[in-house]
Amino acid sequence: MNYLNELNEKQQEAVLATEGPLLVLAGAGSGKTKTITHRIVHLIHAGVAPRNILAVTFTNKAAKEMRERAMDLIRRFPGSARSLDDGSVLVTTFHSLGVRILREFHEAAGLRRHFTIYDRADSVRAIKAALEATGYDPKEFEPRKILSMISRAKGDALSRDDFADSAASYPERVAAEVWERYEERLRDDHALDFDDLLLKTLRLLQSNPAVRQTLQDRWRYIHIDEYQDTNRVQYEIARILAGERRNICVVGDIDQSIYSWRGADIKNVLQFEKHFPQAQTILLEENYRSTKTIIEASNKVIEKNKNRVPKTVFTQNDTGEKITLFAGFSGAHEAEYVAMSAKKLIETGAAASDIAVLFRTNFQSRALEEAFLNMDVPYQVLGVKFFERKEVKDVLSYLRLALNPGSTADLARVINMPARGIGPSTVLKILEGKRDELKSAVLNKVEAFDTMMMDIADSARTEKLSQTLKFIIGRTGIEMHLKKNGTEEDLERLENLRELVSLATRYDEMGPEEAVEALLEDAALQSDQDEIKDKEEKDAVRLMTVHAAKGLEFPYVFITGLEEGLFPHQRLDEKGIDEEEERRLFYVALTRAGKKLWLTYAHSRVIYGSSGVNLPSSFLSDIDETLLEIDGAAKGRGQERRGGLLDDWDDDLPTISL
């Protein structure tokens, strides 16, 4: 068991506790992935078949890292362990697990094997159509808000009827009515949305004893990472899969629970011992990422929350530098300071990709981008995902439609793209099954399209995926169309399609249909963090929201916009500020940093067209003054030290008192 020598005492304890329910409360940077992967290897060394082990996390990036680290451990400590090279230990995300189960048991679930997965954009369009079909104005009832209500209900394991019965407000009653039309559209397209991937899986497990028993026998040891982020459906899936053996190990941190707005239920952690009697609880409190200064500051911030299990994170790392605090005149001045500081770091030898700039809301990125451009500092903003580009979605629609001819959304998207003389009225007749009403000239064009789709389907079933994509780009006329136009934007679109073909070569070792399914699944379920993984070769400063940064780490981190109403964030609805969740979010931001941390805010910022004077974030007062320093650059603009931490440029402006 030499592999145990790499672990501290508490990590070893978690690895060795293999039987029965186990709750591992892991502080930020405490080596939870290391603990899970060593636990998997220990189970295999103990004689458990790899196929009987399941590990579930929340992003493809995290799943890939966990899988690679487990396989590396096996190579370094082979012993009598069974090989992981056949990939039989399943390390996956919740949504990918749902796809896997629903495809394997598609008949029992009442689905086609090649069902379409709606991404959020697809769902929003379908909700808008459902609103219009039920007589509501999408301008009055925002489709994204209606989708959010339906999504939250599905995450809570509610059916449409359950939701309708409990609807307490007029918008909820509208959502219940729209939901019915939305489900009809999904059925017509032989499609599932993100939430269905989990809810349909749960319903299958609940209703089909044979499927339930098969999966309980297959996965005898279950690991759930980021357990604090699970919602009701995910909890129920995990509980059912654990079955009577109850060999379930969940790893999480209440202090990093930041997704209640999308249904994550912190009670899944707080009540784990109630859900799984005789459960063992182990605390991982040693941080391996950050300096003592950063850890002390983050502990001071989070200890004020009451809805948590008390723990004190500590580290053996150096004390490190003090945390720099900077106050700008305006949002633009703050952004200029951040870009300038990042440039200095790079000039002194730091890699640009080692620097992260975090913000609470997406609108803050505009001023930051402008400053980074002006300073000529390379940067990357998370959010524009490769698979969401129009030209990429067009090609993937052709691919989906080839294997799922019933997908009306894909048919409507590509039947006249590029233009082939098939207008909206013709498309409507096709969707309504009225081809016999088409004139012969138009019918010939539609039949030519049908022939083309059969050719694509043949390729998708017989050729390597990369070859099929090349075929689609050429056979559909997309390549000729983009070359003919020849604008810089069109040529860039063509480059993106060539990149799609290159990416597809990763799947070429699979069988043709299996490769298509894998690519379409990865495209539909890609997260912001997966996007940064795809582009990590680019040495650029990362600009992202704090939510997107969760699970990542950087030597140098700037946390911007630390003003009351912005961070902590004042919601635009009646819910106001959820101070405990906002504090957890700030804690997550602090603990992304390894070596050095900057905290910045602006005295004034233009929001929604108006500018106002800002109070510094109340969270700043939670950090001991001895851990902070005022950046000298601020003094040059009229800022001076006084008895308190800093004095602002204008006596009429608010001061920060710690």
Side-chain angles (χ1 to χ4, degrees), residues 144 258-259 261 323-343 345 352 355-375 377-385 527-529 531-532 540-550 552 554 556-573 576-579 581-593 597-620 631 633-634 653-654 656:
R144 291 183 183 277
I258 59 174
Y259 292 115
W261 51 275
I323 297 168
T324 298
L325 179 65
F326 176 81
F329 287 117
S330 63
H333 179 210
E334 176 198 38
E336 179 185 309
Y337 168 79
V338 171
M340 179 177 63
S341 300
K343 186 167 188 171
L345 277 173
I355 305 169
V357 180
L358 309 183
F359 38 86
R360 177 62 181 83
T361 58
N362 281 304
F363 83 83
Q364 294 170 253
S365 70
R366 187 202 59 77
L368 289 163
E369 285 191 72
E370 187 174 320
F372 274 78
L373 282 170
N374 291 339
M375 294 277 182
V377 179
Y379 71 92
Q380 174 192 352
V381 182
L382 260 70
V384 182
K385 300 176 190 172
S527 70
D528 287 342
Q529 291 189 8
E531 178 73 4
I532 201 172
V541 178
R542 314 302 193 196
L543 274 59
M544 68 190 88
T545 65
V546 182
H547 282 99
K550 187 172 178 294
L552 302 178
F554 302 89
Y556 310 100
V557 172
F558 294 81
I559 306 175
T560 64
L562 284 164
E563 299 135 29
E564 281 297 295
L566 185 54
F567 201 175
H569 187 57
Q570 175 75 43
R571 293 170 58 105
L572 297 178
D573 57 23
I577 294 177
D578 182 342
E579 186 166 338
E581 177 139 341
E582 289 294 310
R583 189 181 298 279
R584 291 194 293 268
L585 192 59
F586 185 45
Y587 175 80
V588 166
L590 292 169
T591 54
R592 297 313 93 201
L597 185 61
W598 287 259
L599 307 177
T600 70
Y601 69 96
H603 288 302
S604 67
R605 187 182 305 274
V606 177
I607 300 178
Y608 302 118
S610 61
S611 178
V613 175
N614 302 319
L615 289 170
S617 171
S618 55
F619 293 153
L620 292 172
D631 189 279
L653 292 173
I656 178 171

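In this structure, Leu590 and Leu599 have side chains that are in contact, with non-hydrogen atoms separated by less than 4.5 Å. Looking at heavy atoms from C-beta onward, Thr324 lies out of side-chain contact with Leu597 at the 4.5 angstrom threshold. Val338 has its side chain within reach of Thr600: a pair of non-hydrogen atoms, C-beta onward, lies under 4.5 Å apart. For the pair Phe619 and Glu582, the minimum side-chain heavy-atom distance is below 4.5 Å. Under the 4.5 Å side-chain criterion, counting only non-hydrogen atoms from C-beta, Met544 is in contact with Leu358. Inter-residue side-chain proximity for Thr560 and Glu334 is flagged as met; some heavy-atom pair is nearer than 4.5 Å. Side chains of Phe329 and Ser604 form no contact here, defined as non-hydrogen atoms less than 4.5 Å apart. By the 4.5 Å heavy-atom criterion applied to side chains, Val377 and Val541 are counted as neighbours.
Taken to the nearest 0.5 Å, the OG1 atom of Thr545 stands 8.5 Å off from the CG atom of Leu585. Separating the CD atom in Gln380 from the CZ atom in Arg542 is a distance of 4.5 Å, to the nearest 0.5 Å. Atom CZ of Phe558 sits about 4.5 Å away from atom OG of Ser341, to the nearest 0.5 Å. Rounded to the nearest 0.5 angstrom, Arg360 CZ and Leu562 CG are separated by 11.5 Å. Remark: Leu615 CG to Leu566 CG distance equals 12.5 Å, nearest 0.5 Å. Taking NE2 from His603 and NE2 from His333, the interatomic distance works out to 9.5 Å, rounded to the nearest 0.5 Å.
Of the possible polar contacts, one joining the Gln364 side chain to the Thr361 backbone as a donor-acceptor pair under 3.5 Å is found.
A side-chain N or O of Glu369 and one of Tyr379 form a donor-acceptor pair less than 3.5 Å apart. Glu563 and Ser617 are not linked by any side-chain donor-acceptor pair at a separation below 3.5 angstrom, with hydrogens and angles left out of the test. Side-chain polar atoms of Glu564 and Ser618 form a donor-acceptor pair below 3.5 angstrom.
For the residue pair Ala367 and Gly331, the shortest heavy atom distance occurs at CB-O, 4.4 Å.
The aromatic rings of Phe567 and Phe586 lie perpendicular to each other, with more than 60° between the two planes, well past the 30° mark.
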Quick one, Val357 with Phe372, criterion side chain to side chain contact (heavy atoms under 4.5 Å, CB included). Give me CA distance, side-chain angles, the key distance, then yes/no. CA-CA 11 Å; Val357 180; Phe372 274 78; 4.0 Å; yes
Walk me through it: do Val557 and Ile559 pass the test side chain to side chain contact (heavy atoms under 4.5 Å, CB included)? CA-CA 7 Å; Val557 172; Ile559 306 175; 4.0 Å; yes
Quick one: do Lys550 and Arg592 satisfy side chain to side chain contact (heavy atoms under 4.5 Å, CB included)? Show the steps, please. CA-CA 8 Å; Lys550 187 172 178 294; Arg592 297 313 93 201; 5.6 Å; no
Under the side chain to side chain contact (heavy atoms under 4.5 Å, CB included) criterion, do Val546 and Val588 qualify, and how do the steps go? CA-CA 7 Å; Val546 182; Val588 166; 4.3 Å; yes
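Looking at residues two or more places apart in sequence or on another chain, you find no side-chain hydrogen bond (donor to acceptor under 3.5 Å, both in side chains) involving Arg144.
Aromatic ring centres of His547 and Phe359: separated by at least 6.0 Å.
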